[in-house]
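Below: one structure, written as structure tokens.
Remember, predicted model here, so these are calculated numbers, not experimental data.
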There are 2 protein chains.
Amino acid sequence: MATSSVVDDITRAAVDLFSTQGYANTSVQQIVEAAGVTKGAMYHYFESKDDLLFSVYERMLSLQTEHLEEIVGRGASTAQTLRDVCVDVIETSIDFLPEGTVFFRSVHMLSEPRQKEVTRRRRQYHDVFASLIERGQEEGLYRTDVPRAVLVAHFFSDVHYLSNWYSPEGPEDKVLLAQQLTDLFLVAIKA
Amino acid sequence: MATSSVVDDITRAAVDLFSTQGYANTSVQQIVEAAGVTKGAMYHYFESKDDLLFSVYERMLSLQTEHLEEIVGRGASTAQTLRDVCVDVIETSIDFLPEGTVFFRSVHMLSEPRQKEVTRRRRQYHDVFASLIERGQEEGLYRTDVPRAVLVAHFFSDVHYLSNWYSPEGPEDKVLLAQQLTDLFLVAIKA
DNA sequence: TTCTCGATACCGACTGTTCGGTATGTCGCC
DNA sequence: GGCGACATACCGAACAGTCGGTATCGAGAA
């Protein structure tokens, strides 16, 4: 289909501009010009500028949830599963660094219902993560002197912060970094 | 001075609105109405909306830099100094939670020069922090198998992320949380 | 094969409104 | 009488979204 190309072009341009200029500072006109299409085309495929932003999140959230389910589904040990989940979410966050930038900067610009939806989806992810830690705690693997919510937040803070300092052109390698951050986390929560 | 009250009222209203609605979604009109003053008053004390945002950062950055210098100036051991710095920055970040929200969400909305200035100031802080870790590494206290930049980012990610999940009304106590997060960090970087 | 018709995929000038910023004025105080 | 501290009406630009159009195409009737 030729349509998918148009949609992709628009999405790509939007992510690019949103991540460098911010959502509010980017006009629809800029996006369509960068994508090489017209406003009419954009409003044919997207309901609103808001909708465009949401679609960026949609894609990321779906992908990460998918990965999570796949990894948990493997049925490995708790320790191995948690490690794999950590590494994966860090790696995919690096793969989608611009999306992450947009995400953390501009979720609050979404309309109420959409913001709720995003929050709901993220919480689902966090809940699975938290239950993994809980299982590990029951197995005596992880410390219990710090509230689980703090442990979870402690991990996701790294993921969140990536878009604020990591540069693919920098010295850090993606795979290595994912292992290092995961290791820092796992060492910290060890019983 | 009565003026300081007006300035404070405006700043308070701005932080409040910026943190709940975002910078771009908050009009100058809303701010002055919430502060109980007029546009004229605001533009008498602030150059622009941008200036208003910057002043919020100014205050936070100055305070944290001040604290940092005081703590380092005490001349305690490296381990103790680092611990104190960590606890302090977490605690003050909690004290200035709305400011933090605004900060991390809207720095990119600042004008180029001001953004540069903010980045410069933050880097200064990070550099002092990094040199503390370096000193600790030389003393054999902290691990050296992970790049220092990663260790630094790992810590500041927690500080950064606070405004995304912590609620003063929630079950976590400020002082306790600061200790817990600091502990997680220090355990992770131990040699 | 040709012609029609509906539908999908766009096009781009236009509009209503919002909002940052300003110009001009007023009022009290030194 | 002039200066600092505001008040208020107003301006002009930017911008999201609209709307009346056109082009292309596939299916079915003739």
Side-chain angles (χ1 to χ4, degrees), chain A residues 1-58 102 105-115, chain B residues 1-58 102 105-115:
Chain A
M1 262 195 286
T3 69
S4 73
S5 156
V6 171
V7 171
D8 281 0
D9 288 351
I10 295 172
T11 308
R12 251 193 295 275
V15 170
D16 194 43
L17 288 166
F18 287 164
S19 69
T20 54
Q21 310 182 339
Y23 176 76
N25 286 334
T26 303
S27 70
V28 172
Q29 201 56 239
Q30 276 183 291
I31 297 171
V32 297
E33 269 165 26
V37 298
T38 62
K39 246 186 183 184
M42 198 227 107
Y43 277 98
H44 180 70
Y45 291 108
F46 298 92
E47 276 179 26
S48 59
K49 194 186 171 188
D50 185 273
D51 192 35
L52 192 50
L53 182 61
F54 183 70
S55 79
V56 173
Y57 298 163
E58 247 291 299
V102 178
R105 240 180 220 169
S106 308
V107 222
H108 64 287
M109 307 287 270
L110 278 177
S111 66
E112 258 308 300
R114 295 222 149 120
Q115 211 169 318
Chain B
M1 264 197 284
T3 69
S4 73
S5 156
V6 171
V7 170
D8 281 1
D9 287 351
I10 295 172
T11 308
R12 250 193 296 275
V15 170
D16 194 43
L17 288 166
F18 287 165
S19 68
T20 54
Q21 310 182 339
Y23 176 76
N25 286 334
T26 304
S27 70
V28 172
Q29 201 56 239
Q30 275 182 292
I31 297 171
V32 298
E33 269 166 27
V37 299
T38 62
K39 246 187 183 184
M42 197 226 107
Y43 277 96
H44 181 71
Y45 291 108
F46 298 92
E47 276 179 27
S48 59
K49 193 187 173 189
D50 184 274
D51 192 35
L52 191 51
L53 182 60
F54 183 70
S55 80
V56 173
Y57 299 163
E58 246 294 296
V102 178
R105 240 181 220 168
S106 308
V107 223
H108 64 287
M109 307 288 269
L110 278 177
S111 65
E112 257 309 299
R114 296 223 149 121
Q115 210 169 317

Rounded off to whole Å, could you give me the CG-to-P distance for the B:L52 and C:dG21 pair? 10 Å

Candidate nucleotides C:dG21, D:dA5, D:dA16, ranked by approach to the side chain of A:V28 - the nearest: D:dA16

Could you tell me the separation between the CE atom of B:M42 and the C1' atom of D:dA5, rounded to a whole number of Å? 15 Å

Rounded to whole Å, please give me the gap between CD1 in A:I31 and C1' in D:dG17. 13 Å

Of B:G40 and A:S27, whose nearest nucleotide on DNA chain D comes first from the 5' end? B:G40

Are B:L52 and B:Y45 side-chain neighbours, meaning at least one heavy-atom pair lies under 4.5 Å? no

Look at the side chain of B:R105 and the backbone N and O of B:S19, then say whether any donor-acceptor pair between them is shorter than 3.5 Å. yes

For the side chain of A:T38, starting at C-beta, report the closest nucleotide among D:dA16, C:dC11, C:dT22. C:dC11

Is there a side-chain contact between A:D51 and A:S48 (heavy atoms, below 4.5 Å)? yes

What is the distance from CZ of A:F46 to C1' of D:dA16, rounded to the nearest Å? 16 Å

Nearest whole Å is fine: how far is C:dG20 C1' from B:L53 CG? 14 Å

Short side-chain N/O contact to D:dC6 OP1/OP2 from B:H44, under 4.0 Å: no

How many whole angstroms separate atom OH of A:Y23 from atom P of D:dA14? 19 Å

Strictly by salt bridge (Lys or Arg N to Asp or Glu O under 4.0 Å), give each pair with a member in residues 12-25 of chain B just once, sequence neighbours left out. B:D9-B:R12

Given atom CD of B:E33 and atom P of D:dT8, what is their separation to the nearest angstrom? 12 Å

So, does the side chain of A:K39 form a donor-acceptor pair with the base of D:dA16 at under 3.5 Å? yes

With the side chain of A:Y43 defined as its heavy atoms from C-beta on, choose the nearest nucleotide among D:dA16, D:dA5, C:dG21. D:dA16

Expressed in angstrom and rounded to an integer, what is the separation of B:Q21 atom CD from C:dC19 atom P? 10 Å

Hey, does the Lys NZ or Arg CZ of A:K49 hover above the aromatic six-ring of A:Y23, less than 6.0 Å from the centre and inside 45° of the axis? yes

